[in-house]
Amino acid sequence: MSAIGRDPVLNSTLPSDQPISAAGPERRSLHGRSSPFTAAVASGTIASLTTTAVLSLLARLEGRSIFQPANATSHWLHGEKAGHVRVADTKHTLVGYCTHHLSAIFWALPFEAWLSADRSGKATFTLRKAAITAAFAYLVDYHLVPKRLTPGWETVLSKRSIGLTYVALALGLAAGAMVTRKSQHPNQAAK
């Protein structure tokens with residue numbers, strides 16, 4: 001018996017109007033919805049860039065170097081004095097930014113999974129879920145994890161600025177989610 005005769009998939013028939021895809025029916029097309037992980041990388045990246053810009057601006061307004069918040073985030077590796085470094089360097093700034101970026105993607109994962117469960121796509125729901133995610137991130141970052149695993153911004157910025165940074169996180173997550181969904185459905189009007 002030939003391979004075609006033994007393989008039920010190869011023997012099945014498709015309606016003439018259904019396109020044949022090597023990926024199979026269980027995979028999504030490039031034009032369909034992305035996975036929550038792919039969406040989290042996109043929205044987490046936008047959130048990371050947004051919060052980094054806000055952190056730099058707030059640091060400048062408080063008379064600090066624009067690099068100090070990122071440097072402070074490297075305290076998990078370099079200790080509490082990391083936030084005192086006022087210049088950009090690989091040891092503090094790059095490690096701090098990469099840590100922050102991965103953290104933003106980490107928080108984007110449950111946010112995007114939550115969004116994918118709700119297909120409404122309304123901007124108000126997206127923003128509300130982003131705000132709840134950011135509030136939960138603050139709770140975990142500053143009240144549940146050991147001090148060594150906090151973002152470290154408390155060594156550089158005021159509590160008010162830290163709060164504003166979590167607002168920026170919420171806005172970045174929401175903006176990232178909206179951009180991702182708009183790129184997946186470019187002809188769909190904003191809701």
Problem - Validation row: Arg181, Leu115 side chains within 4.5 angstrom (heavy atoms) - result: yes
Handout entry: side chain to side chain contact (heavy atoms under 4.5 Å, CB included) evaluation trace for Thr126 with Phe111
Key = CA-CA 9 Å; Thr126 301; Phe111 168 68; 4.1 Å; yes
Exercise for the section: Would you kindly say whether Thr99 and Trp76 are connected by a side-chain donor-acceptor distance under 3.5 Å? Expected result: yes
Problem - Spacing of CE belonging to Met178 relative to OG1 belonging to Thr180, to within rounding of 0.5 Å - result: 11.0 Å
Fill in the blank from the handout: For Trp107, the hydrophobic cluster (side chain heavy atoms closer than 4.5 Å, chained through members) also holds Phe106, Phe136, Leu139, Val140, Leu144, Val145, Leu149
Handout entry: Donor-acceptor contact present, side-chain His78 to main-chain Lys91, <3.5 Å
Key = yes
Practice task
Supply the atom-to-atom distance Leu58 CG to Ile66 CD1, rounded to the nearest 0.5 angstrom.
Solution key: 12.5 Å
Problem - Over all atoms of both residues, closest heavy-atom pair of Ala59 and Leu157 - result: CA-CD2, 3.6 Å
Exercise for the section: Would you give the length of the straight line joining atom OG1 of Thr51 to atom CG of Leu171, rounded to the nearest 0.5 angstrom? Expected result: 11.0 Å
Practice task
Determine the minimum heavy-atom distance between Gly83 and Gln68, stating which atoms define it.
Solution key: O-NE2, 2.8 Å
Practice task
Name the orientation class of the two ring planes belonging to His143 and Tyr138 (parallel below 30°, tilted from 30 to 60°, perpendicular beyond 60°).
Solution key: perpendicular
Practice task
Consider only side-chain heavy atoms of I, L, V, M, F, W and Y, link residues closer than 4.5 Å, and tell whether Ile105 and Ile46 are in one cluster.
Solution key: no
Handout entry: Minimum heavy-atom distance Pro69-Trp153, with the two atoms named
Key = O-CD1, 3.5 Å
Exercise for the section: Please step through side-chain hydrogen bond (donor to acceptor under 3.5 Å, both in side chains) for the pair Thr155 and His75, ending with a clear verdict. Expected result: CA-CA 10 Å; Thr155 63; His75 78 106; over 6 Å; no
Handout entry: Nearest heavy-atom neighbours spanning Tyr142 and Gly152
Key = OH-N, 3.9 Å
Handout entry: Rounded distance [0.5 Å steps], CG in Leu55 versus OG in Ser48
Key = 9.5 Å
Problem - same_hphob_cluster(Leu109, Val41) at 4.5 Å side-chain heavy-atom cutoff - result: yes
Practice task
Identify the heavy atoms of Ala108 and Ser43 that sit nearest to each other, and give their distance.
Solution key: CB-OG, 3.6 Å
Exercise for the section: Compare every heavy atom of Ser74 with every heavy atom of Val95, then report the nearest pair and how far apart it is. Expected result: CG1-CB, 3.9 Å
Practice task
Classify the side-chain pair Asn71/Thr93 by whether it contains a donor and acceptor separated by less than 3.5 Å.
Solution key: yes
Fill in the blank from the handout: Rounding to 0.5 Å, atoms CG (Leu57) and OG1 (Thr52) come to a distance of 12.5 Å
Fill in the blank from the handout: The reported gap from OG1 in Thr124 to CG in Leu127 (rounded to nearest 0.5 angstrom) is 8.0 Å
